[in-house]
Amino acid sequence: MEVQAVRQGFATAIAKVKQMKKESDGKWNKGALDTCVDNFNSGLTDLDSALEAITDHNIKTLQTMLSSVLTYVTTCEDAMDEDPDSDALPNVTNMEQKLTNLATNSLDIANQLNWT
């Protein structure tokens, strides 16, 4: 359920960032927003793989996919940090923090699993 919550968070973040890009009027770094969308899409793919790993009881793949998801969030954050004057930064930072918390919780749970 936690991984599904992360997946929903990524889907919501993609929609919000796309909307921000659409409404930006040039005031936000569209390249950084594109980086976020691309990375969040990659996160969705890896979360699908994580859900499959749960079904297969493949803890190593699960851990790898969840770790990757955290990297995608950091990459978005780094892209936005390159444009510190962007008005979008607080909105994206809030989304990133929520995604990081959800993904970290999922990874913590995965690390506690003992599938044999």
Side-chain angles (χ1 to χ4, degrees):
M1 290 178 76
E2 186 75 23
V3 174
Q4 290 172 337
V6 180
R7 192 181 189 296
Q8 181 59 45
F10 267 77
T12 300
I14 290 168
K16 286 183 180 178
V17 172
K18 283 182 176 180
Q19 186 65 31
M20 289 167 61
K21 184 179 171 191
K22 190 180 202 181
E23 297 172 353
S24 75
D25 267 349
K27 63 183 173 183
W28 296 325
N29 184 337
K30 287 186 179 184
L33 294 173
D34 284 338
T35 297
C36 291
V37 169
D38 290 346
N39 277 274
F40 293 165
N41 278 320
S42 294
L44 285 177
T45 300
D46 283 357
L47 287 163
D48 288 340
S49 296
L51 289 169
E52 187 175 313
I54 291 169
T55 301
D56 296 342
H57 288 213
N58 186 336
I59 190 132
K60 293 298 179 192
T61 297
L62 176 60
Q63 291 168 325
T64 299
M65 294 299 104
L66 293 175
S67 293
S68 295
V69 166
L70 287 167
T71 301
Y72 297 131
V73 176
T74 301
T75 301
C76 173
E77 182 179 312
D78 291 345
M80 293 305 297
D81 285 346
E82 290 177 9
D83 186 16
D85 295 327
S86 173
D87 292 339
L89 192 58
N91 293 328
V92 175
T93 300
N94 288 339
M95 284 186 290
E96 291 167 345
Q97 187 58 50
K98 289 176 186 176
L99 293 173
T100 297
N101 289 343
L102 287 168
T104 300
N105 289 344
S106 293
L107 185 58
D108 287 344
I109 292 167
N111 289 335
Q112 298 302 314
L113 295 175
N114 187 18
W115 289 329
T116 54

S.K.: If you measure from OG on S106 to CD on Q4, what distance do you get to the nearest 0.5 Å?
M.R.: 10.0 Å
S.K.: How long is the straight-line distance from OG of S42 back to CG of L47, given to the nearest 0.5 Å?
M.R.: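 One finds 10.5 Å between CG of L47 and OG of S42.
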S.K.: Rounded to the nearest 0.5 Å, how far apart are CG of N39 and CG of D78?
M.R.: 9.5 Å
S.K.: How close do M80 and C36 get, counting heavy atoms only, and between which atoms?
M.R.: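 Heavy atoms only, the tightest pair is CG-SG, 4.1 Å.
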S.K.: Can you name the side-chain hydrogen bond (donor to acceptor under 3.5 Å, both in side chains) partners of N105, sequence neighbours left out?
M.R.: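 Applying side-chain hydrogen bond (donor to acceptor under 3.5 Å, both in side chains) to N105 gives none.
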S.K.: In chain order, what residues pass the side chain to side chain contact (heavy atoms under 4.5 Å, CB included) check against T12, with sequence neighbours excluded?
M.R.: Q8, K16
S.K.: Measure the CD-CG distance between E2 and D108 for me, rounded to the nearest 0.5 Å.
M.R.: 9.5 Å
S.K.: Identify, with sequence neighbours excluded, every residue that meets side chain to side chain contact (heavy atoms under 4.5 Å, CB included) alongside K98.
M.R.: none
S.K.: Do T71 and T75 pass the side-chain contact (heavy atoms from CB on, under 4.5 Å) test, and can you show the C-alpha distance, the side-chain angles, and the key distance before you say yes or no?
M.R.: CA-CA 6 Å; T71 301; T75 301; 4.2 Å; yes
S.K.: Given the rule that I, L, V, M, F, W and Y join up when any side-chain heavy atoms are under 4.5 Å apart, are L113 and L70 in one cluster?
M.R.: yes
S.K.: Would you compute the distance between atom CG of L33 and atom NZ of K18 and round it to the nearest 0.5 angstrom?
M.R.: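 One finds 12.5 Å between CG of L33 and NZ of K18.
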S.K.: So, using side chain to side chain contact (heavy atoms under 4.5 Å, CB included) as the criterion, who are the partners of A50 when residues are at least two apart?
M.R.: V3, L62, M65, L66
S.K.: What residues, two or more places apart in sequence or in another chain, satisfy side-chain hydrogen bond (donor to acceptor under 3.5 Å, both in side chains) together with D46?
M.R.: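 For D46 the side-chain hydrogen bond (donor to acceptor under 3.5 Å, both in side chains) partners, ignoring immediate neighbours, are Y72.
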S.K.: With sequence neighbours left out, write down each residue that passes side-chain hydrogen bond (donor to acceptor under 3.5 Å, both in side chains) with N58, or none if nothing qualifies.
M.R.: T61
S.K.: Go through the structure and list residues passing salt bridge (Lys or Arg N to Asp or Glu O under 4.0 Å) with D48, not counting sequence neighbours.
M.R.: R7
S.K.: Provide the closest heavy-atom pair for V73 versus E96 in the form atom of the first, atom of the second, distance.
M.R.: CG1-O, 3.6 Å
S.K.: With side chains defined as the heavy atoms from C-beta onward, is the minimum distance between M95 and V17 less than 4.5 Å?
M.R.: yes
S.K.: Of all the heavy-atom pairs spanning A11 and L44, show the shortest one and how long it is.
M.R.: N-CD2, 4.0 Å
S.K.: What closest approach, in Å, do A32 and A79 show between heavy atoms, and which atom pair accounts for it?
M.R.: CB-O, 3.5 Å
S.K.: Which pairs, with at least one residue in residues 52-67 and sequence neighbours excluded, count as a salt bridge (Lys or Arg N to Asp or Glu O under 4.0 Å)?
M.R.: none
S.K.: Got a sec, which residues hit side chain to side chain contact (heavy atoms under 4.5 Å, CB included) with N101, two or more places apart in sequence or on another chain?
M.R.: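 Applying side chain to side chain contact (heavy atoms under 4.5 Å, CB included) to N101 gives Q97.
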S.K.: Quick one: side-chain hydrogen bond (donor to acceptor under 3.5 Å, both in side chains) partners of D34, sequence neighbours excluded?
M.R.: K21
S.K.: Do you know the tightest heavy-atom contact between L107 and S67?
M.R.: CD2-OG, 3.8 Å
S.K.: I need the full list of ring-ring contact (aromatic ring centres under 6.0 Å, His included) pairs touching residues 31-52, with sequence neighbours left out, sorted by first then second residue.
M.R.: F10-F40
